[in-house]
Amino acid sequence: MPDTSTPFYLTTPIYYVNARPHIGHTYTTVVSDAIARRRRLLGQDVWFLTGTDEHGQKIERSAEKAGIAPQQFTDQVSAEFRGLWDQMGLTYDDYIRTTEERHKRGVHKLWNVLKERGYLYKGTYTGQYCVWDELYVEAGPGAACPDCGRITETVSEENYFFKLSAFENRLLELYAEQPGLIQPETRRNEVLAFVRGGLRDLSVSRTSFKWGIPVPGDESHVIYVWLDALANYITALGYGSEDESAFHKYWPAQLHIIGKEISRFHCVYWPAFLMAAGLPLPTAVVAHGWLLFEQSKMSKSRGNIVRSETILAVLGADALRYFLLREIVFGQDGSFSFDALVQRYNADLANGLGNLVSRTLAMIEKYFSGVIPEASAAESIQAAAEQCIQTFGERFDALDFSRALESAWALVAVIDGYISEQAPWKLAKQADAGDEASREQLKTVLAACAEAIRVLTALVYPVLPEAAAKIWTQLGLGDLHQADLKDLHWGGLQPGARLGALGPVFPRADKDAAERMQAMEQDNARNAAAQAAETAPASPTTPQSVPAPVDQSISHPNLESGPVPVSPATALATPPEQTADASLPLGAFMPGLGAMEDAAIVGQITTPAMVETANVNDAPAAARPDAVPQITIDDFLKVELRVAQILVAERVPKADKLLRLEVDLGYEQRQILAGIAETYAPESLVGRKVVIVANLAPRKLRGFESNGMVVAASLGEHGKPSLAGFLDHVEIGARLK
RNA sequence: GGCGGCGUAGCUCAGAUGGUUAGAGCGACGGACUCAUAACCCGUAGGUCGAUGGUUCGAUUCCAUCCGCCGCCA
């Protein structure tokens, strides 16, 4: 049991509003919410902060693209985040936005304190700057950003610098003295290695753009986004305001929950800033891993971002919370898939907890008219429940959520086993036949089960707040939020109390729930892509159209809790025009191509003629040999098929079907044109591995040279392309044969 | 390239300061039951614990090398 006598200040990162909220943000926030709820349950004074990070050049540019003022832009996206958290019933105590006055005031104070204490000075920086990442990079002029691959700009700026170099030893001492500061161990190792490698002073102002907090007394400078953003943790508590009481009460934070990609900022810069300002340091910074979609990184550029709304609509918030905390080992990368979600939901929530509650309460209803019977001792169950209180608490408080839940579900299994072993339905029959001993045993069994469920419900509440409240009501205990559960122990159910109205807590999800969610996501992605293409120039700013530019950029090395994708923003509105070119259908037999049995090559452009051919090929398998003459293996081997990864994808002006791709073959990069623009949004293709015909003679299309063809299945009447790909990991450049 | 990590049943993961038959959940299969959300309960499923070499009476657990994957290196 943790010490709950002191205030507990808990934060999520503030999310960068250049991306719309997705399941990665939800993960971070849900974890934090669960922790906050448990601490409150234990009677601790909790302050739980989240919010949005709204400054920076990228925001400025996105707003410009959307044709609105940066403030309006951030207002809208920030509201989306907050709206989602509210929809999910998250219990944050405060929501900070870096564009708020209270924040700016606090940042100014922090700046002034750092200045006064001699940790800021003016210097000149000349070097490469990555606009995308808003980061200076060490590289020669014209070099690509090592992080995102975009071309850097050479800048020479007079900047303010923070004397980070002065903190190298103090930070190393701090890490040694406070081993729990950085968790998990891997992140700690990384941070240690980084600091040991030597610290240079940090540039903490910019003059190249305006959208930020001006440097006090030198308004041509804007304060570096990271200094601005990190300060939210104290400005939200009133640091720099007339009333700093909350700051004094809650600071330092007990727990900063972050995504692993921002550990350096939180474990090096942030403590250094605080030390420089003479402020207390946080107790712990805990970095979680990334949420992968199936096996691959989730990112807008891959078009595989999962929105939380879809899951909420189909299975509800508790299902999502449970999945995130149960399925993912906290601290490690985890994998999300709709199938896994539905499976977890059905196995653990519907069949497990939900069914247990249902069968137990139904029997109390049936055999005792819904009145909790008088219990006598049921040692085995009581012992199991008490053990569970212990184990669950220890694991949860150690942030080992998956194993904490595992222990709770072990109790579910114990109770289910107990019911099967005791067979209350048999006891009831014997009791009806006049056997008093059976009647007593029946009471004992059902009372014990109900009590065990009560314990379980209280434990699981931080993870499943809605469901727990429902079960609580069904147990006849009234409002869970009114209950005092500081000292949870066996024996809280009162015999004689009446159950509430019964009903399923977790209705079973049907088989196609996963497919439904997947379809919803695909529709959404398609709409977003369509909107992105339409709204590039200034256009009316409906709530839907505004985030379109946002869709194309997702991560900033900022307080953002998602993977870092590689995605150029290249959606251009293209005037429609018919284009056509010839292409070759390939023989039906393509060894090694796995799922793409009906593959045709739509390399450059799918012509009407070719579509027809492809359709013939798509027809029943028996028809295929007639359509295309047989070839020998030697014929096939003349075709050099290789795996390539798309680096750049953009529309070709004045061609509505054509995309210009730059692909990486490992040994070389080349340009290919593909007639797939009607089906694939360019931004959804970047990073994707495709199959190309590598030895096709080059030819020019619309003024661009195409060096190869992209392989895709041709579907339906209109030959809608579907790119060939792999379920397994494949190396770029690998030959298909 | 430097540093760090990972690779255990179909899937997600535990675990061992080296020691008899390597675990859990899910999925699959067989059985049983009928209170319950076609749920629950019982049983079975045979994974060279990434590969090779070394230390040892004995290694999946220690060491080395290799392969694969990943992270950090402003």
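Values reported hereafter were calculated over all heavy atoms of this structure, with side chains retained and with hydrogens, waters and symmetry mates removed. All chains are named by letter (A, B, ...) in the order of the sequence lines, taking the proteins before the strands, and each is independently numbered beginning at 1. It should be emphasised that the depicted structure is a prediction, and the values quoted were computed from it without experimental measurement.
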Base, sugar-phosphate, or nothing: which does R196(A) touch, judged by heavy atoms less than 4.0 Å apart? nothing
Distance, P atom - from rG46(B) to rG30(B), rounded to whole angstrom: 14 Å
For G197(A), which contact category applies under a 4.0 Å heavy-atom criterion: base, sugar-phosphate, or nothing? nothing
Considering non-hydrogen atoms only, spot the tightest contact between I257(A) and V31(A) and give its length. CD1-CG1, 4.4 Å
5'-most by nearest nucleotide on RNA chain B - Y269(A) or K260(A): K260(A)
In residues 408-429 of chain A, which ones come under 4.0 Å of RNA chain B, going by heavy atoms? D416(A), G417(A), S420(A), W425(A)
Interatomic distance where CZ belongs to R359(A) and C1' belongs to rC40(B) [whole Å]: 4 Å
Nearest-Å distance for atom pair CG/P, residues L325(A) and rC13(B): 15 Å
Applying ring-ring contact (aromatic ring centres under 6.0 Å, His included), run through H288(A) and F401(A) and close with a yes or a no. CA-CA 12 Å; H288(A) 69 243; F401(A) 308 112; over 10 Å; no
Just to be sure I understand the rule, does G198(A) reach a base, reach only the sugar-phosphate, or reach nothing, if contact means heavy atoms closer than 4.0 Å? base
Between rU37(B), rA36(B), rA14(B), which nucleotide has the shortest distance from any of its atoms to the side chain of R403(A)? rA14(B)
Output the rounded distance in Å from CG (D400(A)) to P (rA14(B)). 9 Å
Residue met sooner reading RNA chain B from 5', once L349(A) and R200(A) are mapped to nucleotides: L349(A)
Determine the interatomic distance between C1' on rU37(B) and the same-named atom on rC49(B); round to the nearest Å. 38 Å
Which part of the nucleic acid, if any, lies within reach of Y367(A) when heavy atoms closer than 4.0 Å are counted: base, sugar-phosphate only, or nothing? sugar-phosphate
Nearest heavy-atom neighbours spanning L274(A) and P282(A): CD1-CD, 3.6 Å
Measure the distance from CG on L405(A) to C1' on rA14(B) and round it to the nearest whole Å. 15 Å
Of the options F167(A), W111(A), Y269(A), which is the one that meets F162(A) in a ring-ring contact (aromatic ring centres under 6.0 Å, His included)? F167(A)
When you get a sec, tell me which of rC13(B), rA39(B), rC35(B) is the closest nucleotide to the side chain of R508(A)? rA39(B)
Shortest non-hydrogen contact from A467(A) to V505(A)? CB-CG1, 3.6 Å
Using atom CG of D333(A) as one end and atom P of rG5(B) as the other, report the distance to the nearest whole Å. 17 Å
Taking the six-membered ring for Trp, are Y27(A) and F330(A) parallel (under 30°), tilted (30 to 60°) or perpendicular (over 60°)? perpendicular
Using a strict 4.0 Å threshold on nitrogen-to-oxygen distance, state whether K443(A) and E440(A) make a salt bridge. yes
I262(A) CD1 to rC72(B) P, straight-line distance once rounded to whole Å: 13 Å
Angle class for the Y121(A)/F161(A) ring planes (parallel below 30°, perpendicular above 60°, tilted otherwise)? parallel
Pairing string, 5' to 3', for RNA chain B - Watson-Crick or wobble contacts under 3.5 Å, brackets [ ] where pairs cross, | to another strand: (((((((..((((.....[...)))).((((.........)))).....(((((..]....)))))))))))).
Identify whether any heavy atom of V505(A) sits under 4.0 Å from a base atom; if not, whether one sits that close to sugar-phosphate; answer base, sugar-phosphate or nothing. base
L356(A) vs I419(A), side chain to side chain contact (heavy atoms under 4.5 Å, CB included): CA-CA, chis, key distance, verdict: CA-CA 9 Å; L356(A) 173 64; I419(A) 293 175; 3.8 Å; yes
Would you mind classifying the nucleic acid contact of L164(A) as base, sugar-phosphate or nothing, using non-hydrogen atoms under 4.0 angstrom? base
Between CZ of R187(A) and C1' of rC3(B) the distance, given in whole Å, is 14 Å
Across the strands shown, which category fits A362(A) at heavy-atom distances under 4.0 angstrom: base, sugar-phosphate, nothing? sugar-phosphate
Hydrogens and angles aside, do R508(A) and N351(A) bring a side-chain donor and acceptor to less than 3.5 Å of each other? yes
What is the minimum heavy-atom distance between V285(A) and C267(A), and which atoms define it? CG1-SG, 3.8 Å
Using OP1 and OP2 only, check whether a side-chain N or O of Q332(A) sits under 4.0 Å from rA14(B). yes
Send over the distance from L199(A) CG to rC73(B) P, rounded to a whole Å. 13 Å
Once base and sugar-phosphate atoms are separated, protein heavy atoms under 4.0 Å mark nucleotides 22-32 of chain B, 5' to 3', with B, S and - as ----S------
C1' spacing across the pair rG10(B) / rG47(B), given as an integer number of angstrom: 11 Å
